[in-house]
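Numbering of residues begins at 1 and proceeds along the displayed sequence.
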Amino acid sequence: MATLSIASRNYGSWSLRGWLLCKLAGLEIVEEMARSDDPSTRAELLLLSPSFLVPCLTHDGVKVWDTLAIAEYLNELKPDAKLIPADRAARAHCRSISGEMHSGFSNLRSALPMNLKAHYPGFKVWQGAQADIDRVVTIWRECLATGKGPYLFGQEPCMADAMYAPVVTRFITYDVKLDAACAAYCKAIMALPYMEEWIAAAKTEPDELEELDVEF
């Protein structure tokens with residue numbers, strides 16, 4: 001049995017990515033909640049780094065704590081899950097946009113932090129964050145046009161969908177207006193049983209980190 005350490009379900013975007021990757025791969029995991037006062041936990045939740053030690057997958061004597069590394073490990077472990085497309089061009093594209101999410105979009109992260117319990121109708125997005133939103137929408141449109149949806153690379157969710165799933169929740173929380181294709185993509189992601197499971201658990205989570213529950 002594998003163990004996945006995660007932080008807050010409500011605020012932990014990287015924890016959601018790691019957890020969703022495990023679920024999509026079909027790997028049975030025991031969830032281990034990291035302490036809210038742990039430096040790695042707070043680093044993730046306070047947006048200081050996407051690659052501290054949370055989330056962390058421990059399996060068969062192997063410890064993997066970077067989200068992209070978790071995705072690659074799971075792809076090797078569970079190739080039938082097809083976390084990464086089989087086609088060479090699609091595979092390269094999937095890795096490219098996943099890497100872009102992993103290392104970029106800092107303005108989006110800071111201006112629209114993940115908060116599943118909140119909703120801010122008419123939220124005013126500042127220019128720097130809007131540029132990141134526009135880039136995400138461009139990525140989605142290109143993928144959906146090529147893969148024909150409902151997910152970024154076709155009929156089944158993959159690594160890229162797990163990487164962008166927290167962005168979907170941000171767009172909903174902050175009332176970001178989207179075109180029909182991107183709105184349908186968000187709806188498809190939110191309808192995933194695993195997403196529904198995560199969100200339901202997040203809504204029962206106590207608010208331990210008050211500085212993250214910001215009133216905009």
Step by step, would you call Met195 with Leu20 a side chain to side chain contact (heavy atoms under 4.5 Å, CB included)? CA-CA 8 Å; Met195 286 294 289; Leu20 193 54; 4.0 Å; yes
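- When all heavy atoms of Ala162 and Pro166 are compared, the pair lying nearest together is O-CD, 3.5 Å.
- For the pair Pro55 and Ile70, the minimum side-chain heavy-atom distance is below 4.5 Å.
- When Ile172, Thr169, Val167, Asp161 are each tested for a side-chain contact (heavy atoms from CB on, under 4.5 Å) with Ile189, only one passes: Asp161.
- Shown here are the side chain to side chain donor-acceptor pair (under 3.5 Å) partners of Asp60, two or more places apart in sequence or in another chain: there are none.
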Between Ile133 and Val176, does a side chain to side chain contact (heavy atoms under 4.5 Å, CB included) hold up when you go through it step by step? CA-CA 9 Å; Ile133 291 172; Val176 175; 4.0 Å; yes
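- Between His59 and Tyr73, the shortest heavy-atom contact is ND1-OH, 2.7 Å.
- Here CZ of Arg135 is found 9.0 Å from CD1 of Ile97. Values are rounded to the nearest 0.5 Å.
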Apply ring-ring contact (aromatic ring centres under 6.0 Å, His included) to Trp140 and Phe171, showing your working. CA-CA 13 Å; Trp140 288 1; Phe171 285 179; 5.5 Å; yes
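- Residues Leu68 and Ser98 form a side-chain contact, since some pair of their non-hydrogen atoms from C-beta on lies under 4.5 Å apart.
- In plain terms, the two heavy atoms of Met163 and Thr67 that are nearest each other are SD-CG2, 3.9 Å.
- Residues Lys82 and Asp80 are not paired through a salt bridge, judged by the lack of any N-O separation under 4.0 Å between the basic side chain and the carboxylate.
- Looking only at distances, no side-chain donor or acceptor of Thr3 sits under 3.5 Å from a matching main-chain atom of Thr58.
- Using a 4.5 Å cut-off on side-chain heavy atoms (C-beta onward), Trp198 and Arg9 make contact.
- Evaluation of the side-chain hydrogen bond (donor to acceptor under 3.5 Å, both in side chains) test over residues 83-95, restricted to residues two or more places apart or in two chains, returns Glu72-Arg95.
- Residues Leu83 and Cys94 share a closest heavy-atom pair of O-SG, 4.5 Å.
- Side-chain contact between Pro113 and Tyr11 is absent, with no heavy-atom pair separated by less than 4.5 Å.
- Partners of Lys78 by side chain to side chain contact (heavy atoms under 4.5 Å, CB included), not counting sequence neighbours, listed by chain and number: Ala25, Leu27, Ala81.
- A salt bridge is defined here as a Lys NZ or Arg NE, NH1 or NH2 lying under 4.0 Å from an Asp or Glu carboxylate O, and Glu205 with Lys117 fails to meet this definition.
- One distance of note links OG of Ser13 with CZ of Arg109; it measures 6.5 Å at 0.5 Å rounding.
- Proximity of Val136 to Asp132: side-chain heavy atoms (C-beta onward) are nowhere separated by under 4.5 Å.
- Looking only at side-chain heavy atoms (C-beta outward), Trp126 and Asn107 come within less than 4.5 Å of each other.
- Note that the NZ atom of Lys63 and the CG atom of Leu57 stand 10.5 Å from one another [nearest 0.5 Å].
- Looking at every heavy atom in both residues, Leu24 comes nearest to Pro157 through CD2-CG, 3.7 Å.
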Would you please test Tyr164 and Ile139 for side chain to side chain contact (heavy atoms under 4.5 Å, CB included) and show each step? CA-CA 10 Å; Tyr164 282 85; Ile139 290 170; 3.3 Å; yes
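- Under 3.5 Å, the side chains of Tyr174 and Asn115 contain no donor-acceptor pair of N or O atoms.
- The closest donor-acceptor contact from the side chain of Thr146 to the backbone of Cys143 lies at 3.5 Å or more, if one exists at all.
- Taking the side chain as every heavy atom from C-beta outward, Trp14 and Met114 never approach each other to under 4.5 Å.
- The line from CD1 of Ile84 to CG of Asn75 is 4.0 Å long, rounded to the nearest 0.5 Å.
- Tracing side-chain contacts under 4.5 Å through hydrophobic residues (I, L, V, M, F, W, Y), one reaches Val62 starting from Ile29; they form part of the same cluster.
- Salt bridge Glu28/Lys23: absent, no basic N to carboxylate O contact under 4.0 Å.
- Distance check, rounded to the nearest 0.5 Å: CG of Leu16 to CG of Asn10 gives 11.0 Å.
- Salt-bridge annotation for Arg141 and Asp179: present, with a side-chain N of the basic residue lying under 4.0 Å from a carboxylate O of the acidic one.
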Between Glu196 and Leu192, is a side chain to side chain contact (heavy atoms under 4.5 Å, CB included) present by the stated rule, with each step listed? CA-CA 6 Å; Glu196 292 178 344; Leu192 286 171; over 6 Å; no
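- By the 4.5 Å heavy-atom criterion applied to side chains, Leu152 and Tyr185 are counted as neighbours.
- Remark: Tyr120 OH to Leu112 CG distance equals 10.5 Å, nearest 0.5 Å.
- Taking both residues in full, the closest heavy atoms of Leu178 and Cys186 are given as CD1-SG, 3.6 Å, listed atom of the first, atom of the second, then distance.
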